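Everything below concerns the one structure shown next.
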There are 2 protein chains.
Amino acid sequence: MPNKNLTEREKGILSLVVKAYIDDAAPVGSRALVRRFDLELSPATIRNTMNDLEDAGLLEQPHTSAGRIPTDLGYRVYVDELMSPVELSPGEQAAIRDVLVDEGRGYIRDAATILDQTVRALGDLTHLLAVSLEPRLGKGIFEKIELVEMGGPKILAVLTIAKGFIRTLVLELDALVDSESLHETAQLINERLSGLPMRAIRESVRERMRDATAGDPKVLKLILSNSEDLFAPSAEEGSIHYWGTPHILALPEFADTERMVSLMGALEEKDVFLRILGQKRGEKGLTITIGEENQEGEIQFCSIVASPYTAREGSGTIGVLGPTRMEYSKLVSIVDYTARIMSEVLARVVHTPDQSKARTGIKKVRSE
Amino acid sequence: MPNKNLTEREKGILSLVVKAYIDDAAPVGSRALVRRFDLELSPATIRNTMNDLEDAGLLEQPHTSAGRIPTDLGYRVYVDELMSPVELSPGEQAAIRDVLVDEGRGYIRDAATILDQTVRALGDLTHLLAVSLEPRLGKGIFEKIELVEMGGPKILAVLTIAKGFIRTLVLELDALVDSESLHETAQLINERLSGLPMRAIRESVRERMRDATAGDPKVLKLILSNSEDLFAPSAEEGSIHYWGTPHILALPEFADTERMVSLMGALEEKDVFLRILGQKRGEKGLTITIGEENQEGEIQFCSIVASPYTAREGSGTIGVLGPTRMEYSKLVSIVDYTARIMSEVLARVVHTPDQSKARTGIKKVRSE
DNA sequence: GGTTAGCACTCTTCATTTGAGAGTGCCAAC
DNA sequence: GTTGGCACTCTCAAATGAAGAGTGCTAACC
């Protein structure tokens with residue numbers, strides 16, 4: 001917890017310095033600050049205060065006799081104690097809402113599509129990099145399995161999990177099985193496992209399916225040997241969506257090739273973002289991570305404003321990444337609003353592993 | 001077709017200039033060329049020849065009294081007439097083969113996973129941006145449909161197309177239907193449509209399904225009103241994979257922010273690459289597109305070496321993108337080899353719309 | 001005629017210089 | 001506690017100049 005013993009004046013100056021630096025990306029000096037905000041004080045006084053703030057570790061100078069820029073700690077104090085969230089304009093709200101809400105669209109998109117579209121809107125609205133993590137099945141309850149013959153020795157297993165999540169997996173047998181036995185086998189599995197949590201199934205399928213009386217033994221064996229994957233806890237753990245690399249790459253902060261490469265590498269590699277966003281999924285509300293507060297070295301020159309969202313029984317994360325010099329006060333509102341609306345929308349949506357666009361979305365049709 | 005009337009000497013010099021420039025990314029001068037390649041001729045002679053090549057439009061000077069760099073046309077002549085493909089070292093071959101070939105892996109990955117892994121290997125091997133387009137169903141033959149009840153009013157339609165391709169789509173009804181009628185409806189559809197090309201079905205489902213005697217009329221109506229999507233020609237037209245942005249962003253060619261932004265924008269937007277790669281899918285063999293030969297303005301400072309690959313009845317594209325200054329002679333071999341192996345591997349794989357990693361891949365299991 | 005040496009000229013690059021501008025720290029005075 | 005004044009520092013941009021690389025051209029050479 002940062003020093004709270006700041007005078008009112010110090011708080012004010014820190015705020016102004018942060019604001020000015022966010023706008024200009026250039027060190028801000030005492031004289032410039034006075035002129036810019038029509039301060040009643042003289043530059044000299046400001047200088048004294050700035051000096052105190054520097055001693056407190058909230059500001060720093062790139063070199064002697066340059067202006068000051070906020071340190072990570074400075075931003076932290078600003079974010080925690082000084083700024084107040086900016087209300088969104090109706091236009092901004094609409095920009096987000098229109099993308100997310102699907103009224104009049106004629107079909108329900110699946111979660112992946114929604115995330116994709118949302119992340120685009122968010123990235124373009126903030127002019128930063130928007131990132132999101134797909135919802136994970138929380139405590140998934142297994143509903144049922146269907147086995148569909150696919151021609152040749154291949155079988156498509158379709159699992160229905162919790163309310164509305166489905167998972168498909170193609171299994172390959174080395175012998176042909178007629179669809180009758182497939183159906184019987186599926187039925188047997190459903191009788192014994194339906195309603196159980198996925199975890200429980202993973203741990204005890206073999207015992208539960210012992211002494212099978214019906215169904216095809218080969219198929220059953222196939223299912224059992226793949227139970228780790230079939231009944232895995234999370235559906236799409238690995239899926240992140242992002243949008244806006246051109247926005248941030250154009251910022252002066254990323255003129256340095258090394259930073260650029262390290263960020264893009266992290267994005268492509270995905271691991272880094274999985275860790276960061278996955279961690280935030282645990283948090284209760286909106287999170288702000290500033291610069292070196294980040295665990296991941298690749299992006300310690302960046303800040304992230306992120307918020308968890310919920311989708312049925314799963315939950316994910318959506319957020320915005322940019323240089324530490326970012327408009328926290330506005331981004332907080334935008335990200336918070338987005339996550340909120342997203343939770344609303346996703347509450348009504350089925351989660352499928354299908355990744356393609358509207359074409360393979362979920363069509364909502366009036367059957368007249 | 002570029003001028004063929006080049007003397008042997010001119011061809012030689014052009015080759016050397018291209019090679020030197022590919023290595024150094026700096027304009028190459030006559031004296032430097034002589035020193036570098038231990039030429040028997042004097043710089044003055046080289047100068048004369050270079051002058052001729054400049055007149056022919058194959059070389060250009062960034063400014064008077066700098067060295068020369070190849071023009072797009074210069075590269076074209078080099079590629080078409082002068083270079084010879086470099087054979088791959090066993091190590092390089094192995095690097096590609098190991099990723100693609102799945103022996104000993106224990107499971108068959110789906111097409112998306114294979115593309116993902118291949119593109120990674122290709123990008124890292126070439127130190128450029130590797131891109132690929134997922135295979136498209138060629139002349140798809142509809143095999144059958146299965147309708148799976150999903151809880152609530154939702155139905156999962158599973159289509160089996162051609163040999164081994166499947167497509168899933170979630171449909172939503174506004175009434176509950178028991179699985180018996182679902183099964184009957186599916187059976188009816190299969191009886192009437194199985195074996196027909198997707199195109200034919202799209203055009204004439206309604207007539208073909210007229211006077212339905214069995215099945216649930218509501219479900220049938222739902223299927224009909226979604227036939228455009230269900231029987232759409234291509235499964236995953238929209239999917240491109242890429243890897244290697246950090247590689248190319250680090251190149252001097254991309255120090256210019258504008259180029260960087262325009263390339264990254266095109267990558268995120270996907271449209272540009274869909275057009276480029278989709279077009280190449282039509283071509284017979286490996287294609288080299290140099291600089292402004294590109295139709296798409298966003299990447300007219302880049303070259304692409306790409307090759308189509310085949311997967312069952314579908315076909316896709318895989319290739320490498322980089323600055324026009326790239327090692328064509330080597331890339332040709334690498335891309336060609338990759339596409340070849342990929343076609344081999346994909347011939348044995350089922351294509352599913354499932355995007356996640358190994359977890360939801362296709363498990364190959366000995367049922368014994 | 002092709003090839004080459006020589007030479008004047010051009011242009012970039014880099015280091016250096018210089019002046020202006022912005023900013024600081026400190027001191028003394030208010 | 002606040003401020004004006006002042007010496008000092010540092011960056012930035014423009015200007016300068018020398019070095020280096022390269023060119024084109026001409027005249028001579030084989």
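Note: hydrogens, waters and symmetry copies are ignored here, and every other heavy atom, side chains too, is used. Worth saying up front: this structure is predicted, and the values here are computed from it rather than measured. Chain letters run A, B, ... following the sequence lines, proteins first, then strands; residues in each count from 1.
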- Task: Let me know, please, whether B:P43 or A:A44 comes out on the 5' side of the other along DNA chain C by nearest nucleotide.
- Result: B:P43

- Query: Under 3.5 Å, side chain of A:N294 to main-chain N/O of A:E296, donor-acceptor pair present?
  - Reply: no

- Let me know the distance between CZ of B:R36 and P of D:dG22, rounded to the nearest Å. 12 Å

- Item | Listed nucleotide nearest any side-chain atom of B:R47, set D:dG22, D:dT23, D:dG5 | D:dT23

- Item | Interatomic distance, B:R31 CZ vs C:dC7 P [rounded to whole Å] | 14 Å

- Does anything in residues 20-70 of chain A pair up under ring-ring contact (aromatic ring centres under 6.0 Å, His included), and if so which pairs, sequence neighbours excluded? none

- Message: I'd like to know if A:E269 and B:R120 make a salt bridge, using a cut-off of under 4.0 Å between side-chain N and carboxylate O.
- Response: yes

- Item | For B:L82, side-chain contact (heavy atoms from CB on, under 4.5 Å) partners two or more places apart | B:K11, B:L14, B:S15, B:V77, B:Y78

- Message: Assess whether a salt bridge exists between A:R9 and A:D52, defined as any Lys/Arg side-chain N lying under 4.0 Å from an Asp/Glu carboxylate O.
- Response: no

- Query: Which is true for A:N51 with a 4.0 Å heavy-atom rule: it touches a base, it touches only sugar-phosphate, or it touches nothing?
  - Reply: sugar-phosphate

- Message: Just the rounded figure in Å: distance from P of C:dA22 to CD1 of A:I46.
- Response: 18 Å

- Query: Should the pair A:H127 and A:H247 be assigned to parallel (<30°), tilted (30 to 60°) or perpendicular (>60°) ring geometry?
  - Reply: tilted

- Query: Which parts of residues 62-71 of chain A get close to DNA chain D, meaning a heavy atom less than 4.0 angstrom away?
  - Reply: A:H63, A:T64, A:S65

- How would you label the contact of B:R9 with the nucleic acid (heavy atoms, under 4.0 Å): base, sugar-phosphate, or nothing? sugar-phosphate

- Which whole-number value in Å describes the distance from A:M50 CE to C:dG25 P? 10 Å

- Nucleotide D:dG22, atom C1' - distance to CZ of B:R35 in whole Å: 11 Å

- Task: Could you check how far CG of A:L59 sits from P of C:dG25, rounded to whole Å?
- Result: 11 Å

- Query: Are A:T45 and D:dT3 close enough that a side-chain N or O sits under 4.0 Å from OP1 or OP2?
  - Reply: yes

- Report the distance from atom CG of A:L39 to atom P of D:dT2, rounded to the nearest whole Å. 13 Å

- Message: Do A:I276 and A:I299 have side chains that approach each other closer than 4.5 Å (heavy atoms only, starting at C-beta)?
- Response: yes

- Integer-rounded Å distance: C:dA22 C1' and A:L33 CG: 14 Å

